[in-house]
Amino acid sequence: MIAVIDFETTGLSPAMGDRATEIAIVLLQSGQVVDRFQSLMNTGKHIPSFIETFTGISNAMLASAPSAQSVMCEASRFVGSIPMAAHNAAFDRRFWQAEMNQADQPSTQDFICTLLLSRRLYPQSPSHQLGRLVEFLNLPKAVRAHRAMADAEMATALLVQMQHDLRLTHGVNQPDHAFLRSVQRCAKYGLPALFAKQLAHSC
DNA sequence: TGCCAGGCCCTCTTTAGGGCCTT
């Protein structure tokens, strides 16, 4: 099981005071979506006008949203100890840890990054932005990008496609979270050896 | 629109610099 997460936020850095505005999580098991979690969240932080335009999430929408603390407690129960994935995971991991910390919840989940994986697996793609990758791979594109669930669904489709390509193209039987983590960490020139090792291990 | 940060990756590199990606 892998939990694919996406945050919408007021900016790029929790260390600079930015906060999450929306969270979406898709649970993926054996290539199938088995559950979803989504919520706006009110931290009391003002959303800059550029971000309102960018995400479509307004200060008025968050005024009636549940508190960040209650949403993150619910998200923590939803994910448990399941390993997580995100596109540019360094970004979502920072907000996950910062918001969990604010809500007095643990945040020990391991993350894999579909951005780093796509740079390894699809070096021919002209761009590794989530939307551009989805177009490059002919995957279903979200109608409303830059909303949390739409982006989480696209990242999930991307992850499923990468697992499929690892099986079909590279003969890897079970590209689970642990194996994806080794692909992500593997230097580009080392990938064929990694695939061969996994193939031999699974035979 | 892109600035703000942080991490990865590439190269005209490694005693560094800049592009990409996330909102």
Side-chain angles (χ1 to χ4, degrees), chain A residues 2-26 38-62 65 68 71-72 75 83-102 107 109-137 139 141-142 144-159 161-162 180-192 194:
Chain A
I2 298 176
V4 184
I5 187 169
D6 187 81
F7 276 110
E8 302 306 317
T9 71
T10 63
L12 294 175
S13 172
M16 298 289 287
D18 290 319
R19 298 294 302 271
T21 58
E22 188 179 43
I23 182 173
I25 304 168
V26 175
Q38 175 186 19
S39 182
L40 291 169
M41 48 197 281
N42 186 0
T43 65
K45 172 86 177 179
H46 180 77
I47 306 176
S49 59
F50 165 66
I51 299 291
E52 278 193 330
T53 305
F54 186 70
T55 66
I57 298 171
S58 66
N59 287 288
M61 288 165 68
L62 292 195
V71 171
M72 293 311 292
M84 307 185 77
H87 198 68
N88 195 7
F91 173 85
D92 291 282
R93 185 179 58 230
R94 279 198 299 275
F95 277 96
W96 175 258
Q97 291 172 341
E99 294 297 346
M100 282 299 181
N101 188 49
Q102 292 268 355
S107 56
Q109 293 83 359
D110 189 37
F111 275 74
I112 55 170
C113 178
T114 53
L115 168 63
L116 297 182
L117 284 166
S118 72
R119 283 176 175 161
R120 289 280 175 260
L121 297 176
Y122 310 118
Q124 70 276 29
S125 176
S127 165
H128 294 273
Q129 291 176 29
L130 182 57
R132 300 285 298 279
L133 269 169
V134 162
E135 285 177 357
F136 178 76
L137 295 168
L139 299 172
K141 190 159 186 187
R144 184 63 179 93
H146 305 304
R147 284 299 297 268
M149 184 51 79
D151 286 358
E153 295 273 13
M154 286 198 293
T156 301
L158 174 60
L159 184 58
Q161 183 66 44
M162 290 193 289
L180 291 168
R181 190 175 175 78
S182 13
V183 172
Q184 166 182 314
R185 286 176 162 178
C186 187
K188 193 163 48 180
Y189 56 79
L191 280 180
L194 179 65

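Throughout, a chain's letter reflects where its sequence line sits, starting with A, and its residues are numbered from 1. Worth saying up front: this structure is predicted, and the values here are computed from it rather than measured.
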Rounding to 0.5 Å, atoms CG (A:Leu180) and OG1 (A:Thr114) come to a distance of 10.5 Å
Looking at B:dC20, B:dG6, B:dT23, which one has an atom nearest to any side-chain atom of A:Arg119?
B:dC20
Any donor and acceptor pair, going by atom type alone, linking the side chain of A:Arg94 with main-chain N or O of A:Ala15 inside 3.5 Å?
no
Would you classify A:Ser127 as touching base, sugar-phosphate or nothing, given that sugar-phosphate means primed atoms plus P, OP1 and OP2, and contacts are heavy atoms under 4.0 Å?
sugar-phosphate
Expressed in angstrom and rounded to an integer, what is the separation of A:Phe111 atom CZ from B:dT22 atom C1'?
13 Å
A:Asp151 CG to B:dC21 P, straight-line distance once rounded to whole Å:
15 Å
What's A:Leu116 touching, base or sugar-phosphate or nothing? Going by heavy atoms closer than 4.0 Å.
sugar-phosphate
Nearest-angstrom distance from the residue atom CZ of A:Arg144 to C1' of B:dT23:
13 Å
Could you give the CZ-to-C1' distance, from A:Arg94 to B:dG7, as a whole number of Å?
7 Å
Expressed as a whole number of Å, how far does the P atom of B:dG18 sit from that of B:dT13?
13 Å
Got a donor-acceptor contact below 3.5 angstrom from the A:Ser125 side chain to the A:His128 backbone?
no
Tell me: CZ of A:Arg93 to P of B:dG6, nearest whole Å?
13 Å
Result for 5'-nearest mapping on DNA chain B, choosing between A:Ser13 and A:Cys186, is A:Ser13
Which value, in whole Å, describes the distance between the C1' atoms of nucleotides B:dC3 and B:dC9?
23 Å
May I have the distance from A:Leu133 (atom CG) to B:dC21 (atom P), rounded to whole angstrom?
8 Å
Between B:dT22 (P) and A:Ile51 (CD1): distance, integer Å
13 Å
Say you pick atom P in B:dT15 and the same atom in B:dT1; how far apart are they, in whole Å?
40 Å
Rounded distance in Å between the C1' positions of B:dC12 and B:dG17:
11 Å
Nearest-Å distance for atom pair CZ/P, residues A:Phe95 and B:dG7:
13 Å
For the pair A:Arg147 and A:Glu22, find out whether any cationic side-chain nitrogen is under 4.0 Å from an anionic carboxylate oxygen.
yes
Ignoring hydrogens, what is the shortest heavy-atom contact between A:Ile25 and A:Ile23? Give both atom names and the distance.
CD1-CD1, 4.0 Å
Just checking A:Leu115: base, sugar-phosphate only, or nothing, at a heavy-atom cut-off of under 4.0 Å?
sugar-phosphate
Just N and O in the side chain of A:His146: are any of them under 4.0 Å from OP1 or OP2 of B:dT23?
yes
Select base, sugar-phosphate, or nothing to describe what A:Asp18 touches, counting heavy atoms under 4.0 Å on all strands.
nothing
Within the side chain of A:Asp151, is there an N or O that forms a donor-acceptor pair under 3.5 Å with the backbone of A:His146?
yes
Looking across every strand, which nucleic acid part, if any, lies under 4.0 Å from A:Thr55 by heavy atom: base, sugar-phosphate, or nothing?
sugar-phosphate
So if I take every side-chain heavy atom of A:Arg120 and compare against B:dC4, B:dC9, B:dT22, which nucleotide ends up nearest?
B:dC9
Which nucleotide in the set B:dC9, B:dT23, B:dT22 lies at the smallest distance from any side-chain heavy atom of A:Phe54?
B:dT23
Scan A:Phe50 against the nucleic acid and name what it touches under 4.0 Å (heavy atoms): base, sugar-phosphate only, or nothing.
base
